[in-house]
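The structure under discussion appears below in the form of structure tokens.
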Amino acid sequence: MTNVLLPVRSSTLAWTTQSLVADPAWQHIPPAGITADITCLQQWGQQQSDPIQAWQWGTLSLPWIATLAKTVGEHLLTGHGFYLVRGVAMGQPPWLQRLAYLAVGTALGEVLENYGRLYDVKDRGVCYKQQAVPISMTRAATGFHTDSSARLVEPDIISLLCIQPGKTGGESRLCSAVTAHNYLAKTAPDLLNELYQPMIRDVVTPGADKDLSRIRANAFPVFAPTGQFTFRYMRYWIETGHR
């Protein structure tokens with residue numbers, strides 16, 4: 001019980017559905033001026049054989065995208081922990097949408113390339129229950145989780161770009177890990193303490209070597225027992241890792 005943290009005191013991170021409805025500041029539509037940056041990106045990208053691989057932040061002056069990235073970053077740090085942006089490069093070719101998305105990301109920080117610079121979330125005709133592949137490579141739904149089941153890969157920001165909405169399905173659900181943590185701290189502190197202990201996770205990163213020693217080494221807590229709140233969870237890979 002010595003590891004049990006006090007309730008995390010953050011009125012913005014410990015949100016509920018009701019508090020989100022009352023505070024729509026987590027939604028943003030960029031000003032029309034951002035189209036100038038998109039046009040600049042398009043002209044540059046058309047001159048590149050592979051604009052996604054060639055792009056580096058600072059290649060072009062993109063003041064509107066820089067402002068958008070600053071807004072996103074500030075809200076992630078001081079707001080609810082997530083941010084929804086609508087209308088960037090909408091109606092443009094998919095390659096340009098991807099490039100604009102990458103531009104915003106590189107304005108926020110360094111891109112993790114474990115799955116490539118950009119990674120398409122789409123059905124590849126595989127089943128995550130028959131082989132160790134990310135659920136994002138299948139058509140299956142998944143429960144609440146955080147991305148990355150690799151111990152040494154802990155992203156600061158996870159983002160998604162919707163290029164082609166499906167006719168059905170594809171909805172995303174969000175919940176507050178801080179709210180869940182505080183509820184457990186109040187109602188079941190002994191069980192919460194279990195979540196502070198290292199838990200083995202399966203090794204599912206494409207291309208990664210997988211054997212028992214690597215799986216055993218891939219262990220870390222759901223809630224990190226430190227002064228900084230950290231939450232990393234995907235139940236299925238915890239279960240298969242232990243199995």
Mind listing the closest non-hydrogen atom pair of Leu41 and Ala103 along with its distance? CD1-CB, 4.1 Å
Does Asp37 offer a backbone N or O that forms a donor-acceptor pair with the side chain of Trp64 under 3.5 Å? no
Measure the CG-CG distance between Leu184 and Asn193 for me, rounded to the nearest 0.5 Å. 11.5 Å
Linked, directly or transitively: Val111 and Leu68 (ILVMFWY side chains, under 4.5 Å): yes
Short side-chain donor-acceptor distance under 3.5 Å, His242 and Asp202: no
Interatomic distance, NE2@His28 vs NE2@His75, rounded to 0.5 Å, equals 11.0 Å
Do you know the tightest heavy-atom contact between Ile215 and Ile200? O-CG2, 3.3 Å
Tyr101 side chain near Ile163 side chain, heavy-atom distance below 4.5 Å: no
Starting at OG1 of Thr39, measure out to CG of Leu96 and round the result to the nearest 0.5 Å. 8.5 Å
Indicate the atoms forming the closest heavy-atom contact of Ile158 with Asp147, along with that distance. CG2-OD2, 3.5 Å
Say whether Tyr183 and Val178 are linked into one hydrophobic cluster, either directly or through other cluster members, by side-chain heavy-atom distances under 4.5 angstrom. no
Hey, what's the ring geometry for Trp15 with His80, parallel, tilted or perpendicular (30° and 60° as the breaks)? perpendicular
Please indicate whether Glu110 has more than 12 foreign heavy atoms, meaning atoms of other residues, nucleotides or ligands, lying under 6.0 Å from its CD. no
Considering residues at least two apart in sequence or located in another chain, which fulfil the salt bridge (Lys or Arg N to Asp or Glu O under 4.0 Å) criterion with Arg235? Glu239
In terms of heavy-atom contacts, does CZ of Arg139 have more than 12 from other residues, nucleotides or ligands at under 6.0 Å? no
Verdict with supporting geometry, Leu195 and Leu191, side-chain contact (heavy atoms from CB on, under 4.5 Å): CA-CA 7 Å; Leu195 302 181; Leu191 298 181; over 6 Å; no
To the nearest 0.5 Å, atom CD1 of Ile29 lies from atom CD1 of Ile34 at 12.0 Å
I want to check something: taking the side chain as every heavy atom from C-beta on, are Thr106 and Arg117 in contact at a cut-off of under 4.5 Å? yes
Group every Ile, Leu, Val, Met, Phe, Trp and Tyr by side-chain heavy-atom contacts under 4.5 Å, then state whether Val104 and Trp95 land in the same group. yes
Within a strict 4.5 Å, meaning less than it, do heavy atoms of the Pro198 and Phe220 side chains meet? no
Lys122 side, atom NZ; Thr138 side, atom OG1 - distance, nearest 0.5 Å: 13.5 Å
Side-chain contact test, heavy atoms from C-beta onward, threshold under 4.5 Å: evaluate it for Ser148 versus Arg232 and give yes or no. yes
Determine, for Asp211 against Arg216, whether the closest basic-nitrogen to carboxylate-oxygen distance falls under 4.0 angstrom. no
For Leu108 and Ala69, which heavy atoms make the closest approach, and how far apart are they? CD2-O, 3.2 Å
Could you see if Leu112 belongs to whatever hydrophobic cluster contains Val203? Use Ile, Leu, Val, Met, Phe, Trp, Tyr and a side-chain cutoff under 4.5 Å. no
Student check: side-chain heavy atoms of Phe144 and Tyr233 closer than 4.5 Å: no
Pair His181 and Phe223, ring centroids less than 6.0 Å apart: yes
Using distance only, find each side-chain donor-acceptor pair of residues 83-94 under 3.5 Å and give its atom names and separation, not counting sequence neighbours.
none

Over all heavy atoms of both residues, which pair between Ala100 and Ile38 is shortest? Give the atoms and the distance, please. CB-CD1, 3.7 Å
Please report the C-alpha distance between Trp55 and Leu60 in whole Å, then the side-chain angles of each, then the deciding distance to 0.1 Å, and finally whether the side-chain contact (heavy atoms from CB on, under 4.5 Å) criterion is met. CA-CA 9 Å; Trp55 174 256; Leu60 301 171; 3.9 Å; yes
Closest non-hydrogen atom pair between Val204 and Ser149, with its separation: CG2-OG, 3.2 Å
All ring-ring contact (aromatic ring centres under 6.0 Å, His included) counterparts of Trp57, not counting sequence neighbours: none
Check for me, please, whether Val121 and Trp237 land in the same ILVMFWY cluster - side-chain distances under 4.5 Å, paths through other members count. yes
Just so I know, are the side chains of Arg201 and Met199 near enough to count as touching, which here means a heavy-atom distance under 4.5 Å? yes
About how many Å separate CZ of Phe82 and OG of Ser176, when rounded to the nearest 0.5 Å? 9.0 Å
Do Trp44 and Thr59 get their side chains close enough for a donor-acceptor pair, meaning under 3.5 Å? no
Do the non-hydrogen side-chain atoms of Asp120 and Arg98 ever get within less than 4.5 Å of each other? yes
Does the side chain of Leu174 come within less than 4.5 Å of Trp26's, by heavy atoms? no
